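These notes concern the structure reproduced below.
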Amino acid sequence: MSLNPLISMLGITKRFGNILANDCADFSLRCGEIHAIVGENGAGKSTLMKVLYGLYQPDAGTLFFDNKPVQVDNPRTAIRLGIGMVQQHFTLIPALSVLENISLGKEPRRYKIFSDDVNARRTIISVVEQLGFKLNLDAKIESLPIAAQQYSEIVKSLYHGASVLILDEPTAVLAPQEVTRLFDCLRGLKNEGKSVILITHKLREVMEIADTITVMRDGKSIASFSKSETNPAQLTELMIGERASPSALVGLHAEAAKHTVAKPTSTMMHEPDVQSTRSVLSLNKITLQAENGRHLLNRVSLEVYGGEILGIAGVEGNGQNELIKVLTGLCTVDSGEMTLNGKSIIYKSVNEIRRLGLAHLVADRHRHGINLMGSIDENLIIGYHYKLPFSRYGLLQSTEIRDFAKKAITKYRILAVGIDARIHALSGGNQQKVVVARELENKPTFIIASHPTRGLDFQAVGFVHEQLMHARDQGRGVLLISPDIEELLKLSDRIAVMLNGRIVDIIQASQTHESELGELMLGTASLDA
């Protein structure tokens, strides 16, 4: 690893209206290092890296590349410098294939005229094999699970010549085994002399993979350490600006918190007697087939009871997304029965199912959960805008909407300048709080929570966990779909494991552990043991 910085960012300041996202922030990166940036949502991590990548222009400060001042005025300039970025919300084109997405903007040409897909394919395959990924280059991006989309983004950056790779929350959607493969890939890039910048909240992973760690808070660079010079407890205190208390660490994804923080009492003591509790959701032999005849869901049977959280564990792409689609009315099953609160939801529309008491915390809030250009109050009533008290005789009731939004902002601790603020200006954690407030305040009886803490810092994670447990304790049924085994074990009363579109086992969360779940997810466990 070189001792001289490859990249230096000095005194970077970036404002969005009245919001100071970066406040004289500093950052430096050396060749051949993995450098983690940690901090709460809104600390300025992603904004600082978007300045480096040319997506934002700083209001003040200087960038140096190889000891020379540079102006990165757009991503093309960053790419020419060898800087690539995989954002938390991917920038791939869903309708194009993996090959087309990766080569877009750098398509090889024969005789400077004709597209040379053969040469592009050969080059991309070599990158994929070098990384140890498995990618179907001819598959449409929209058909791929989230993990494969992330791999496509990484391959795209390297194909375009990146020697510095910025990864924003790269493990948020990966199962533990996939995280291991990703980290092996990052270590391989490091050994080749490439540099990696990792934006993350997961301190346990930081301590496993990073060489250097920078802490950000309130837009400032608080401190930078070699990994050997710090520990998760110290990093946590620097991130939140005070000595960490157990309650502040409720949602911490870190080894220190794992060993020092107990589950909330309601979670530890909650053992619902499902035999004496009403069934909120019932699935009986649900089958869904692809056009080629492959089973996407294969005779899935489930019961979700009021007053319980049923977790769904599985490596991404084993039927979880299809299960969500049939439950929410986005696609129709081929056979089987489904009831919600005792009423059949087969052939029901999205709105009809929601009227029966379903709420949905979607996996990708930017694409499916919020209108980024809309205001907070508008986003808080999406999907419920036609109902009382928000609408009368087809007319929106502005006073009722504003009153509801003000109460929701207070109750769910949404940090914003006002209900009229555009939601894109909020941190990821506060955006998710808007989604949670909208869905839970309409008193659902059944909640689908899909990747509900994706990309959130530990305090926002703790808040979302509290809301789901509170909903459970109020007698609502919760279906939790998460790639995070630790999250599943913490929140769930029972866990159903999905593999190849089937439910292969349903177990009590209190009677299992991470390694057993991982084996079930991969199909390597003996179900007779």
Side-chain angles (χ1 to χ4, degrees), residues 1 5 7-14 19-30 33-52 58 61 88 166-172 195-261 413 415 426-430 432 453 455-465 486:
M1 186 191 307
I7 293 172
S8 295
M9 307 177 74
L10 302 178
I12 301 299
T13 297
K14 179 62 183 175
I19 299 173
L20 186 58
N22 287 146
D23 185 5
C24 290
D26 297 332
F27 176 79
S28 64
L29 177 74
R30 293 173 291 180
E33 80 166 342
I34 299 176
H35 194 137
I37 305 177
V38 300
E40 297 186 271
N41 278 108
K45 308 180 302 295
S46 295
T47 299
L48 186 64
M49 289 301 101
K50 288 178 180 179
V51 168
L52 176 59
Q88 183 179 342
I166 306 168
L167 301 176
D168 194 351
E169 298 291 348
T171 67
S195 303
V196 178
I197 302 172
L198 197 64
I199 305 171
T200 184
H201 304 106
K202 299 185 177 182
L203 299 187
R204 183 169 56 173
E205 294 177 357
V206 167
M207 298 306 292
E208 177 184 346
I209 189 68
D211 300 303
T212 308
I213 304 164
T214 292
V215 180
M216 294 193 69
R217 187 177 74 243
D218 298 332
K220 299 181 176 69
S221 303
I222 301 301
S224 288
F225 303 95
S226 168
K227 178 171 64 177
S228 61
E229 299 173 338
T230 188
N231 57 66
Q234 180 187 27
L235 293 174
T236 301
E237 291 171 13
L238 289 169
M239 286 164 60
I240 65 177
E242 57 189 35
R243 189 163 187 82
S245 63
S247 61
L249 292 170
V250 164
L252 181 60
H253 290 254
E255 196 65 33
K258 183 179 177 184
H259 291 298
T260 61
V261 182
R413 303 196 293 273
L415 299 180
L426 272 59
S427 69
N430 285 298
Q432 186 70 340
T453 59
L456 305 187
D457 64 49
F458 61 83
Q459 295 205 65
V461 167
F463 180 84
V464 173
H465 285 181
E486 192 176 324

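Everything numeric in this text was worked out from a predicted model, so none of it was measured.
Considering CD of Glu486 and NZ of Lys202, their distance stands at 8.5 Å, rounded to 0.5 Å. Note that CE of Met239 is 12.0 Å distant from CE of Met216, once rounded to the nearest 0.5 Å. The OG atom of Ser228 sits 8.5 Å away from atom CE of Met207, with the distance rounded to the nearest 0.5 Å. Between Arg217 atom CZ and Ile240 atom CD1 the span is 9.0 Å, to the nearest 0.5 Å. For the atom pair Ser221 OG and Lys45 NZ, the distance stands at 12.0 Å (nearest 0.5 Å). Taken to the nearest 0.5 Å, the OG atom of Ser28 stands 10.0 Å off from the CD1 atom of Ile7.
Between Arg413 and Asn430, the shortest heavy-atom distance links the atoms O-OD1, 3.8 Å. Glu229 and Gln234 get closest at one heavy-atom pair: O-OE1, 3.8 Å. Between Val51 and Pro58, the shortest heavy-atom distance links the atoms CG1-CD, 3.9 Å. The two residues Pro170 and Ile199 have their closest heavy-atom pair at CD-O, 3.7 Å. Contact between Gly429 and Ala460 at its shortest, heavy atoms only, is CA-CB, 4.1 Å.
Ile12 is not listed as a side-chain neighbour of Asp26, based on a closest heavy-atom distance of 4.5 Å or more. In this structure, the side chains of Asp211 and Lys227 stay at 4.5 Å or more apart for every pair of heavy atoms. In this structure, Ile213 and Thr230 have side chains that are in contact, with non-hydrogen atoms separated by less than 4.5 Å. Taking 4.5 Å as the limit, some side-chain heavy atom of Ile197 sits within range of a side-chain heavy atom of Ile37. Looking only at side-chain heavy atoms (C-beta outward), Arg30 and Thr212 come within less than 4.5 Å of each other. In this structure, the side chains of Val215 and Leu235 come closer than 4.5 Å at one or more pairs of heavy atoms. Counting heavy atoms from C-beta on, the side chains of Val38 and Val206 come closer than 4.5 Å. When side chains are defined from C-beta on, Met9 counts as touching Leu48, because their heavy atoms get closer than 4.5 Å.
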Practice task
List the steps and the verdict of side chain to side chain contact (heavy atoms under 4.5 Å, CB included) for Phe225 and Leu238.
Solution key: CA-CA 12 Å; Phe225 303 95; Leu238 289 169; 3.5 Å; yes
Exercise for the section: Show your working on side chain to side chain contact (heavy atoms under 4.5 Å, CB included) between Gln432 and Phe463 and close with a plain yes or no. Expected result: CA-CA 10 Å; Gln432 186 70 340; Phe463 180 84; over 6 Å; no
Practice task
Output, in order, the C-alpha distance, side-chain angles, deciding distance and verdict of side chain to side chain contact (heavy atoms under 4.5 Å, CB included) for Leu426 and Leu415.
Solution key: CA-CA 8 Å; Leu426 272 59; Leu415 299 180; over 6 Å; no
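Between the side chain of Asn231 and the backbone N or O of Ala233 there is at least one donor-acceptor pair closer than 3.5 Å.
A search for side chain to side chain contact (heavy atoms under 4.5 Å, CB included) contacts involving Ser224 returns Thr214, not counting sequence neighbours.
Side-chain atoms of Asn22 and Thr13 form no donor-acceptor pair, as typed in the model, at a separation below 3.5 Å.
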